[in-house]
Engineer: 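The structure under discussion is supplied below as structure tokens; questions concerning it will follow.
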Amino acid sequence: MKLATHDLTKNFGDKCAVDHVNLTFERGVYGLLGPNGAGKTTLMKMMVDILPPSSGQVTLDGVPISELGARYRDILGYMPQEIGYYRNFTAKRFLNYLAVLKGIPSKNAAGKIDMLLNMVGLADVGRKKLGDFSGGMIRRIGIAQALLNDPKILVLDEPTAGLDPKERIRFRNILSELSADRIVILSTHIVSDIESIAEKVILLKSGKVIGFDTTENLLRSVEGKVWMAKVGHQELKQMKDQYVISNILQKADGLDVRIVSETKPCKQAVLTSPSLEDVFVYHFGKLEINNV
Amino acid sequence: MFKNEFYKIVAKKYIWIFVLVLAVFYVFILTDTKDNFGVVYSDALQPVFEEINEAAYTPEIREYIIKNGYDIKIDDIEHFLSPKIAATVDIYKGSTYHGYDVAKTLWEEGVKNRIVNLVKRNVTRENIINQLRADSDNPLNRYLLKQYSNMPKIEANLTRWDDWIDTNKTLLPGMIAFVIILSISGVYSNEYANKMHGILLTSKKGRKEVFWSKFAVSILFSVSCVIAFQLLNAGILTWMYGIPFTDTPLNSLSLFYKMPTTLTAQQMYIMQLAGSMVGAMVLTAVVLCISSFCRENILSFFISCLYFGCGFILSNTLEGGYLSSLITLPGEVSTFSLMSLVDVLGSGKVLVVSDTVVPTVLITIAVQLCIMVVAIALTYFFYTRKEISR
């Protein structure tokens with residue numbers, strides 16, 4: 001199974017949200033990484049066929065997904081960035097409704113729903129109305145609905161936003177198990193999520209793909225460019241103006257600053273092994289990681 | 001799927017609150033006249049219905065009334081009347097109601113006025129026929145002559161069919177339409193408000209089947225709404241007046257007596273029930289269409305109200321007469337007109353197109369069916385090709 005985008009472009013008026021994107025996805029987990037406004041959600045919407053491209057196309061094994069229609073949707077699981085739900089529906093009723101829409105036979109649906117509620121840790125609130133759920137619980141329902149039809153292609157837009165650390169770990173484990181025989185594409189700006197589960201990472205900036213490689217290769221690309229230095233507050237101020245700061249850690253004897261730079265930023269700086277966050281700030285310039 | 005789609009509509013508490021408030025308001029409006037003399041004694045003269053009719057067609061009475069310019073006293077014609085009428089009225093001798101002498105009022109308003117009106121209406125009809133015969137021969141005159149000549153015999157207005165037809169004229173269609181618009185206007189736009197479109201449109205059956213199930217449950221809801229309100233209306237009217245004891249020609253009712261219609265009141269009422277049902281379905285299709293391209297419930301609600309309201313206002317502003325024109329036509333072909341039918345069908349309205357006389361009601365039905373088909377097609381188009389740009 002090969003999912004591919006061919007010169008995929010989306011313009012909103014004068015603004016180009018996705019600019020001639022060519023990507024190929026085969027089995028595995030793909031992380032779509034980019035700052036806010038990079039075009040991640042627009043790209044995903046085109047890939048799930050709810051937003052027609054301005055030009056280019058998305059194909060599955062060479063066939064445009066717009067032609068496949070319901071056959072494509074049958075093997076698709078999609079979790080949008082903003083999870084829709086009906087406040088008056090219970091979790092079970094909601095999933096049951098979507099199971100019908102996904103064409104799951106009713107005799108299989110109940111068992112599948114119980115299993116998924118259990119998987120996302122909501123088994124004990126299945127009969128509660130969604131209007132009473134917290135944001136994190138709604139996201140877990142969103143994940144459960146995307147998995148209802150056992151999709152071969154799973155597209156998840158910011159799936160971990162709003163989840164607590166325990167749930168994020170649970171979610172990462174679920175995805176790792178699922179990735180064996182399907183394509184999983186997830187977008188996030190939480191770099192640590194991608195670092196731990198994505199085999200390949202797509203870096204998207206201003207609608208353009210600026211990098212598409214394995215995590216290891218991306219890390220290798222910034223090797224020798226990540227520095228650690230202990231500095232004082234005054235020195236930090238100057239450093240911020242000159243260099244891209246990846247992380248700042250307050251210590252008793254000063255500040256441990258992580259800098260991404262082609263050259264040695266200060267005399268006390270020492271090279272350190274890079275992380276995906278460093279790759280992120282290297283490519284996107286400023287630190288835009290909010291929930292790391 | 002149908003169950004869940006239906007649940008989405010009826011689970012909204014505010015709809016039930018509005019329905020309840022409207023129903024209470026409606027019961028209040030209708031029962032407000034419950035203590036009126038005419039209502040309390042509405043069946044007093046029913047046993048002498050035939051005798052009152054016979055009196056109006058008795059040549060001596062008719063000539064006497066015409067000769068005196070319709071200004072007579074009951075004593076002047078009492079000796080011509082069947083003794084059964086006097087015996088029926090005499091039952092109420094000595095009774096008073098809210099200061100009225102019941103027997104006297106029944107004589108004056110119940111018997112005399114009805115006989116005088118019946119004579120007057122027959123004379124009017126004869127004059128119209130004579131005038132049409134004298135006028136130049138043209139398609140409209142030929143049509144009108146045929147209608148007036150074939151009219152069933154006008155009867156005394158004793159049946160209370162007026163109330164059954166009049167409630168379906170404006171008030172009931174208005175309320176039914178309001179409840180439908182309130183409930184259905186969010187069917188698609190609510191999915192936007194709930195941010196559900198992304199999930200729905202990416203599920204296997206999320207396009208065509210969601211469309212058909214939403215359409216089917218919306219129609220089911222509207223039909224249920226029409227049945228519920230019509231039953232409420234029929235229940236109140238039966239409680240107040242009883243079921244009309246006999247059918248009567250439509251031209252016997254005050255609303256229609258000069259109009260070129262050959263229908264009976266019962267036929268008209270049944271047509272109104274059918275019109276109410278079909279009109280509700282058309283309205284549902286239009287509201288669904290509006291909802292399918294609106295992203296805000298409130299916008300969908302207001303545009304839908306505007307659609308129905310324009311027809312309502314135009315129809316009520318330009319009603320009257322039996323001749324349709326390009327000015328009156330927009331109101332006459334409206335969904336409201338189809339739900340009411342009083343103006344276009346009860347008044348026997350026609351539109352003259354070159355040499356052809358077309359009953360306006362046929363144009364109304366044709367236009368409304370076209371609107372329904374176009375609305376369904378557009379909704380299908382909007383929804384199945386829906387894109388989520390935000």
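A quick note: this is a predicted structure, and the numbers were derived from the prediction, not measured. Letters A, B, ... mirror the listed sequences (proteins, then strands); counts begin at 1.
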Engineer: How about residues 112-146 of chain A versus chain B: which residues have heavy atoms under 4.5 Å apart?
Structural biologist: K129(A), Q145(A)

Engineer: We want to know whether Y307(B) and T335(B) form a side-chain donor-acceptor pair, criterion being a heavy-atom distance below 3.5 angstrom.
Structural biologist: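 Indeed, the side chains of Y307(B) and T335(B) share at least one donor-acceptor pair under 3.5 Å.
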
Engineer: Does F171(A) have R168(A) sitting over its ring (NZ/CZ under 6.0 Å from centre, angle to axis within 45°)?
Structural biologist: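 That pair does not qualify as a cation-pi contact.
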
Engineer: Please determine, among D74(A), L76(A), N149(A), the option with the most heavy-atom pairs under 4.5 Å with chain B.
Structural biologist: D74(A)

Engineer: Does a donor on one side chain sit under 3.5 Å from an acceptor on the other, for D7(A) and Q57(A)?
Structural biologist: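 Result is no, nothing qualifies.
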
Engineer: If you count heavy-atom pairs under 4.5 Å between each of Y97(A), Y85(A), F89(A) and chain B, which one has the most?
Structural biologist: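 Highest number of pairs under 4.5 Å: Y97(A).
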
Engineer: Would you check if there is a donor-acceptor pair between the side chains of Y7(B) and N88(A) at a distance under 3.5 Å?
Structural biologist: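 Side chains of N88(A) and Y7(B): no pair found under 3.5 Å.
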
Engineer: Going from CE on M196(B) to CG on L98(A), what distance comes out if it is rounded to the nearest 0.5 angstrom?
Structural biologist: 5.0 Å

Engineer: What residue, out of K3(B), K195(B), K8(B), K204(B), has the most heavy-atom pairs lying under 4.5 Å from chain A?
Structural biologist: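 Max contact count across the listed options: K204(B).
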
Engineer: Before accepting this row, confirm whether a basic side-chain N of the pair E191(B)/K214(B) lies closer than 4.0 Å to the acidic partner's carboxylate O.
Structural biologist: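 Yes, charged N to carboxylate O under 4.0 Å.
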
Engineer: Closer than 4.0 angstrom, basic N to acidic O: yes or no for K2(A) and D61(A)?
Structural biologist: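 No, this pair does not count.
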
